[in-house]
There are 2 protein chains.
Amino acid sequence: MVNQEDPRVLRTRELIQAAFRDLLRRKGFDAITIKDIAQKATINRATFYAHFEDKYALLDEVTELAFDAMIPEQVTHAQAFTDDICDRLILATHQYIVDFYRNCRMDSHSMATLVDEKIKKMLQQTIARIFLKGDFPQREDRHHIEIMAAMTGSAIYGAAHYWLNVEEKDRTDVLADLVRPYVMNGLGLYRNGDA
Amino acid sequence: MVNQEDPRVLRTRELIQAAFRDLLRRKGFDAITIKDIAQKATINRATFYAHFEDKYALLDEVTELAFDAMIPEQVTHAQAFTDDICDRLILATHQYIVDFYRNCRMDSHSMATLVDEKIKKMLQQTIARIFLKGDFPQREDRHHIEIMAAMTGSAIYGAAHYWLNVEEKDRTDVLADLVRPYVMNGLGLYRNGDA
DNA sequence: GGATGATCGTCGCATAGGCAACACATGGTA
DNA sequence: TACCATGTGTTGCCTATGCGACGATCATCC
């Protein structure tokens, strides 16, 4: 395979990703061909396959990069899962979903599913990483941590997604006020005692 | 040398030109090094030399492309040097100079001189081409055509340049009304008889 | 004067990318 | 059915680009 440090490789991958993001704004995922991507990226079609197995792998990477960019500094370096960190995760997730649905034509169910799964997985990993760094209860039990992270990530994602169709969808503070107590209580971490 | 049709070549040249245009907005021509250009273009310094002899050759090409883009369709395909064509050339030249001085830090006398010469030359060539297509007086005399084109191009450029420091610099219509009769009379082409 | 550092322009070698062709799958259509 | 067009992955060969090094030039500083 190619050397991931070579500047030509970095540039080509960036070109492919940019072309793909651009195409997603114009046509549905299913309608995008490798030829389309290669043309817009000004690379050869064969070169695409030197970098990505197929367009699904490309979607996966683009999604990962985009969501990573949404996660605030404070969350990435959080030492404990606090109310503040929880809020930031809720808002970042919600914002990501809003941007995603605004920018991409959603005529492809397969893409929506793939992105859903990807984001949920990243949320869970992010949360689990914070749990492991902090003084989380049953910190030694790996399974316990993972399942708590899975539930928390799913809850946040589910709520953020649901909020798309709510009347007061601009009141993300309301969203956070609903999700935070639920999650923190579920984790046994709520300290403000209003649950 | 490299094959000018290869898509890698086209892309690399475009990257170099874009990087150079961008750098010209931030620092003076003299202060720009080949290393700067290569870094911003995400190419290797040695690759630069496969495409341009030095930064002067690059400036020449970038200037040519930019001025070409300013010349209206009607002028490019003009069959005769009419009042209208003359006006369009005056305004395009003036607009080019305005953009140029607005976008580039003019701490380099050498660059200003090079661009001046380049634009004047392109103007003259454009005008000579129109003369050759139309029913220009003494059409058979190549020298006559060339020198008329040279004077016309120089006059237009000189006036457009001078107009930068005029109080009513926004009244480009006034500029055109001053230059057009002068040029057209000089060429013996003025038909409206107000000279 | 000499030392130092930055840039220039060029070289040979290693590697990523372009090209043309291939077999294969899919879907429309005569 | 057979046919044609279009998209997918893959391959071998060739070319453009990246890299590291080189000597040369120039400016700065001691």
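Values reported hereafter were calculated over all heavy atoms of this structure, with side chains retained and with hydrogens, waters and symmetry mates removed. Please read all numbers here as calculations on a predicted model, not as lab measurements. Proteins come first, then strands; the chains are lettered A, B, ... in the order of their sequence lines, and each starts at number 1.
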Without decimals, in angstroms, what is the distance between [X] [atom1] and [N] [atom2]?
{"X": "B:Asp36", "N": "C:dA6", "atom1": "CG", "atom2": "C1'", "answer": "12 Å"}
{"X": "A:Tyr56", "N": "D:dT8", "atom1": "OH", "atom2": "C1'", "answer": "12 Å"}
{"X": "A:Asn3", "N": "D:dT17", "atom1": "CG", "atom2": "P", "answer": "18 Å"}
{"X": "B:Phe48", "N": "C:dT10", "atom1": "CZ", "atom2": "C1'", "answer": "14 Å"}
{"X": "A:Glu53", "N": "D:dT8", "atom1": "CD", "atom2": "P", "answer": "14 Å"}
{"X": "A:Gln39", "N": "C:dC19", "atom1": "CD", "atom2": "P", "answer": "12 Å"}
{"X": "B:Gln4", "N": "D:dT15", "atom1": "CD", "atom2": "P", "answer": "15 Å"}
{"X": "A:Lys35", "N": "C:dC19", "atom1": "NZ", "atom2": "P", "answer": "13 Å"}

Considering residues at least two apart in sequence or located in another chain, which fulfil the salt bridge (Lys or Arg N to Asp or Glu O under 4.0 Å) criterion with [X]?
{"X": "B:Arg45", "value": "none"}
{"X": "A:Lys118", "value": "A:Asp60, A:Glu64"}
{"X": "B:Arg129", "value": "none"}

Shorter than 3.5 Å, N or O on both sides, protein versus nucleotides 18-22 of chain D: list them out with atom names.
from   : atom 1 : to      : atom 2 : distance (Å)
D:dG18 : OP1    : A:Arg11 : NH2    : 2.5
D:dG18 : OP2    : B:Asn44 : N      : 2.7
D:dG18 : OP2    : B:Thr47 : OG1    : 2.5
D:dC19 : OP2    : B:Asn44 : ND2    : 3.3

Side-chain touch A:Leu91/A:Gln95, heavy atoms, less than 4.5 angstrom = no
Under 4.0 Å between a side-chain N or O of [X] and OP1 or OP2 of [N]?
{"X": "A:Thr33", "N": "D:dT6", "result": "no"}
{"X": "A:Tyr49", "N": "D:dT10", "result": "no"}
{"X": "A:His51", "N": "C:dA16", "result": "no"}

query = Can the ring centres of B:Phe29 and B:Tyr56 be said to be less than 6.0 Å apart?
reply = yes
key: Under the ring-ring contact (aromatic ring centres under 6.0 Å, His included) test, residues paired with A:Phe20 that sit two or more places apart   = none
request  = Taking side chain to side chain donor-acceptor pair (under 3.5 Å) as the test, write out the residues that go with A:Asp68, two or more places apart.
outcome  = none
message = Need to verify one output field. Residue with the more 5' nearest nucleotide on DNA chain D, B:Val2 or A:Ile34?
response = A:Ile34
